[in-house]
Participant: 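Structure provided below as structure tokens; questions to follow.
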Amino acid sequence: MDVVAADIGGTNARFAIAEVADGRVVSLGEPVTLRTAEHASLQTAWEAFATKIDRPMPQAAAIAVASPITGDVIRLTNNPWVIRPSLIPARLGCDTYS
């Protein structure tokens, strides 16, 4: 199964496609680094990544954020993005995420 692996920080958002089998990453595609200041939100950065890789996006995502996660509103420390985990499936087109 392919999964979008995302590492969201204050300055950069890094994305790659990971191939996962039996609960383990067996390969990781070339990472794409996007400056968060150049994108209004996680959704717009996600869309920019999708354009760069020029292939259908996997329906699963693993997203790490550089911020405490308490409840359904995540505010990044050095980045104006607000991430609402409950909206991830609708906004990013994912069936599953973690």
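The figures that follow rest on heavy atoms only: side chains count, while hydrogens, waters and symmetry mates do not.
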Participant: Are there over 12 heavy-atom neighbours, none belonging to Arg55, within less than 6.0 Å of that residue's CZ?
Facilitator: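 Correct, the count exceeds 12.
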
Participant: Once you measure the plane-to-plane angle for Phe15 and Trp46, does it fall in the parallel (<30°), tilted (30-60°) or perpendicular (>60°) bin?
Facilitator: perpendicular

Participant: If you round to the nearest 0.5 Å, how far is CD1 of Ile63 from CD1 of Ile88?
Facilitator: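 Between Ile88 CD1 and Ile63 CD1, I get 4.0 Å after rounding to 0.5 Å.
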
Participant: What's the shortest heavy-atom distance between Pro85 and Pro89, and which atoms?
Facilitator: O-CD, 3.8 Å

Participant: Assess the residue pair Thr96 and Gln59 against the criterion (side-chain contact (heavy atoms from CB on, under 4.5 Å)); give the C-alpha distance rounded to whole Å, side-chain angles, the decisive distance to 0.1 Å, and a yes or no.
Facilitator: CA-CA 7 Å; Thr96 59; Gln59 295 298 303; over 6 Å; no

Participant: Is the shortest heavy-atom distance from the side chain of Pro58 to the side chain of Val3 under 4.5 Å?
Facilitator: no

Participant: Could you go through Ile17 and Ile53, starting from their C-alpha distance and side-chain angles, then the distance that decides it, and tell me whether this counts as side-chain contact (heavy atoms from CB on, under 4.5 Å)?
Facilitator: CA-CA 9 Å; Ile17 303 296; Ile53 64 168; 4.0 Å; yes

Participant: For Leu34 versus Ala45, what's the shortest heavy-atom pair and its separation?
Facilitator: CD1-O, 3.4 Å

Participant: If you compare all heavy atoms of Ala16 against all heavy atoms of Gly29, which two are closest, and at what distance to 0.1 Å?
Facilitator: CB-O, 3.7 Å

Participant: Do the non-hydrogen side-chain atoms of Arg35 and Asn12 ever get within less than 4.5 Å of each other?
Facilitator: yes

Participant: My understanding is that only one of Asn79, Ile74, Ile8 makes a side-chain contact (heavy atoms from CB on, under 4.5 Å) with Ser67; could you say which?
Facilitator: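 Testing Ser67 for a side-chain contact (heavy atoms from CB on, under 4.5 Å) against Asn79, Ile74, Ile8 leaves exactly one candidate, Ile74.
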
Participant: Report the distance from atom CG of Leu92 to atom CD1 of Ile83, rounding to the nearest 0.5 Å.
Facilitator: 9.0 Å

Participant: What heavy-atom pair brings Asp2 and Ala60 nearest, and what distance separates the two atoms?
Facilitator: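 Looks like O-CB, 4.1 Å.
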
Participant: To check you understand the geometry: which heavy-atom pair defines the closest contact between Gly9 and Thr36, and what is its length?
Facilitator: O-CG2, 3.6 Å

Participant: Once you round to the nearest 0.5 Å, how far does CD of Glu47 lie from CG of Leu42?
Facilitator: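 These two atoms lie 9.5 Å from each other.
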
Participant: Main chain of Arg14, side chain of Thr33: is a donor-acceptor contact present, judged purely on distance under 3.5 Å?
Facilitator: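 No; judged by distance alone, with no hydrogens or angles, the pair does not exist.
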
Participant: Would you say Trp81's side chain and His39's backbone share a donor-acceptor pair under 3.5 angstrom?
Facilitator: yes

Participant: Give a yes or no on whether Met57 and Met1 share a hydrophobic cluster (residues Ile, Leu, Val, Met, Phe, Trp, Tyr; joining criterion: side-chain heavy atoms under 4.5 Å apart).
Facilitator: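 No: no chain of side-chain contacts under 4.5 Å links Met57 to Met1.
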
Participant: Passes side-chain contact (heavy atoms from CB on, under 4.5 Å), Leu87 versus Gln43? Steps please.
Facilitator: CA-CA 10 Å; Leu87 299 178; Gln43 182 179 353; over 6 Å; no

